[in-house]
Amino acid sequence: WEEDSVDIDVYEVHSDFTVSDSVLHCLSQESTLTSLHNNHINTWNWNVVEGDGVSHTNPDPLTESTYIHMFESYGNSDITLNLTSDHGCTDDTTYTDVIYVNNYTAEISAAPDSICFQGAETTTQEFSATITPDSLGLEYEVISYEWSIISSNSGSAAQTPIDSLNVSYTFSEPGVYSLMYSATIDGSNENCELTTMIDFEVGINTSIISDEIICVGGNTFNASFGDSDTWSTGLIYEWSTTSDLVISDTTASSTSISTVTPVLPDSTLVYDLNLKVTNDVGCWEEDSVDIDVYEVHSDFTVSDSVLH
């Protein structure tokens, strides 16, 4: 009899892997999946089930131990790695919730209903924004931010920065303003761009349309509230004067004006007319005009009082 003996190498396929990023910020972010045990392995097949439940499998069997996957759905993703060796042995491993894609929402807090001048040349208001992730407690980094008034009246708003989530604006003209806040969050391969915007009203427009000159005893002269703004409602009118001008209706949008106070011949007096208008949120503004007043005096002389 005779004996022979041979040595046979024995190995086992072990499927295991790591991910380069377990938390991704926003969509279209990549994570690199790396197989850990690759001796005798010739095929790597990856299956990624993203947060929307859709399964994504690499289109062709991979011959590399790493796979870069771009995530397009928010939430948790499950990943399976299936290995095949040179000798037909296989193994697979699934990790659930191994990668989380976080979503973020930026929002500017609502502006007050009443941002008013109340007779002043300017008014100042602070604004604040929030960035809210779908999943709290996961760190993220805001690498840039910007506040801007994007409406056509931006030249009437002067900005004073406070911090990444707060800003102050000083307004010099009434109007409807559009405020935009944008922030950039650091992503793995693409940064996340967040943008939000609000519209708000500042102050109230007040102006007077009136006759510029009137005469004593005349009853055909008028004054009225000028161009109204597009945002104020529930207007309250208050006409007043410090002179001898007579205002027929001090609470109407238009009124007749007159005077019976004598004025010396060939003289002109200047009377003031004032209008205060208040809207439904309590903002008020005043306007004032000067009105020239004269009186018609009939008088004459004769060249000769005695004729021959």
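These numbers come from the heavy atoms of this one structure, side chains and all, not from hydrogens, waters or symmetry mates. Nothing here was measured: the structure is a model prediction, and the numbers come from that model.
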Residues V54, S73; criterion side chain to side chain contact (heavy atoms under 4.5 Å, CB included); working and verdict: CA-CA 9 Å; V54 176; S73 296; over 6 Å; no
Derivation and outcome, side chain to side chain contact (heavy atoms under 4.5 Å, CB included), residues Y100 and N102: CA-CA 6 Å; Y100 183 78; N102 211 0; 3.4 Å; yes
Determine, step by step, whether T32 and T66 satisfy the side chain to side chain donor-acceptor pair (under 3.5 Å) criterion, reporting the C-alpha distance in whole Å, the side-chain angles of both residues, the deciding distance to 0.1 Å, and the verdict. CA-CA 7 Å; T32 301; T66 60; over 6 Å; no
Might you work through the side chain to side chain contact (heavy atoms under 4.5 Å, CB included) test for N205 and F225, ending with a clear yes or no? CA-CA 10 Å; N205 281 327; F225 174 53; 5.9 Å; no
Pair S151, I149 - check side chain to side chain contact (heavy atoms under 4.5 Å, CB included), show working. CA-CA 6 Å; S151 46; I149 297 290; 3.5 Å; yes
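The only member of D16, D78, T18 that meets side-chain hydrogen bond (donor to acceptor under 3.5 Å, both in side chains) when paired with Y95 is D16.
Between H69 and Y67, the angle of the ring planes lies from 30° to 60°, which puts this pair in the tilted group.
The list of disulfide bond (SG atoms under 2.5 Å apart) pairs with a residue in residues 193-236, not counting sequence neighbours, is empty. Residue pairs satisfying the ring pair (Phe, Tyr, Trp, His ring centres under 6.0 Å) criterion with at least one member in residues 150-173, sequence neighbours excluded, are listed as follows: F171-Y177, F171-F200. Identified under the disulfide bond (SG atoms under 2.5 Å apart) test for residues 57-87, with sequence neighbours left out: none. For residues 108-192, every residue pair satisfying the disulfide bond (SG atoms under 2.5 Å apart) rule, not counting sequence neighbours, is listed here: C26-C192, C116-C283. Applying the side-chain hydrogen bond (donor to acceptor under 3.5 Å, both in side chains) test to every pair with at least one member in residues 242-254, sequence neighbours left out, gives these pairs: T241-S243, T242-D272, S248-T255, S248-S256, D249-T251.
With a 4.5 Å cut-off on side-chain heavy atoms, S224 and I209 count as touching. Contact annotation: the side chain of I99 never approaches that of V48 to less than 4.5 Å [non-hydrogen atoms, C-beta and beyond]. Within the 4.5 Å cutoff, the side chain of L165 has heavy atoms near those of the Y181 side chain. Inter-residue side-chain proximity for W239 and L275 is flagged as met; some heavy-atom pair is nearer than 4.5 Å. For the pair K276 and N274, the minimum side-chain heavy-atom distance is 4.5 Å or more. Put simply, the side chain of L33 does not reach to within 4.5 Å of the side chain of L81, judged on heavy atoms. Between L83 and F17, every side-chain heavy-atom pair lies at or beyond the 4.5 Å cut-off. Side-chain contact between T96 and N76: absent, with no pair of heavy atoms (C-beta onward) separated by less than 4.5 Å.
Minimum interatomic distance between E30 and M70 (heavy atoms only, all atoms of both residues): OE2-CE, 3.5 Å. The shortest heavy-atom contact between I115 and Q125 is CD1-CG, 3.8 Å. The minimum heavy-atom distance between S31 and V19, with the atom names listed, is OG-CB, 3.9 Å. For the residue pair C89 and V13, the shortest heavy atom distance occurs at CB-CG2, 3.7 Å. Among all heavy-atom pairs drawn from V281 and D113, the shortest one is CG2-O, 3.6 Å. Heavy-atom minimum distance, W46 versus N58: N-OD1, 2.5 Å.
In this structure, Q159 contributes its side chain and V167 its backbone to no donor-acceptor pair below 3.5 Å. Side chain of N38 to main chain of I41: no donor-acceptor pair is present (N/O by atom type, distance under 3.5 Å, no hydrogens or angles). Remark: the backbone N or O of E190 is paired with a side-chain donor or acceptor of Q29 at under 3.5 angstrom. Side-chain N or O atoms of H297 include one that pairs as donor or acceptor with a backbone N or O of V263 at under 3.5 Å. Distance alone, capped at 3.5 Å, places no donor-acceptor pair between the D211 side chain and the I214 backbone. No side-chain donor-acceptor contact under 3.5 Å links S35 to the backbone of S65.
For the atom pair NE2 (H56) and CD (E50), the distance works out to 4.0 Å, reported to the nearest 0.5 Å. To the nearest 0.5 Å, the span separating OH on Y294 from CG on D292 amounts to 10.5 Å. One distance of note links CG of N82 with OG1 of T94; it measures 9.0 Å at 0.5 Å rounding. Note that CG of N191 is 6.5 Å distant from OG1 of T184, once rounded to the nearest 0.5 Å. Distance check: T105 OG1 to E107 CD gives 8.5 Å after rounding to the nearest 0.5 Å. In this structure, CG in L273 is found 7.5 Å from OG in S240, a value given to the nearest 0.5 Å.
Among residues two or more places apart in sequence or in another chain, the side chain to side chain contact (heavy atoms under 4.5 Å, CB included) test is passed with E141 by I143, D186.
Counting heavy-atom neighbours within 6.0 Å of D163 CG, excluding the residue itself, gives a total above 12.
Residues V293 and V246 do not share a hydrophobic cluster, defined by chaining ILVMFWY side chains whose heavy atoms lie under 4.5 Å apart. Following chains of ILVMFWY side-chain contacts shorter than 4.5 Å, one cannot reach I185 starting from V101, and the two form parts of different hydrophobic clusters.
No donor-acceptor contact under 3.5 angstrom links the side chains of S168 and T160, judged on distance only. The closest side-chain donor-acceptor pair between T124 and T170 falls under 3.5 angstrom. No hydrogens or angles considered: nothing links the side chains of N153 and S156 as a donor-acceptor pair under 3.5 Å. Under the 3.5 Å distance criterion, with hydrogens and angles disregarded, a donor-acceptor pair is assigned to the side chains of T233 and D280.
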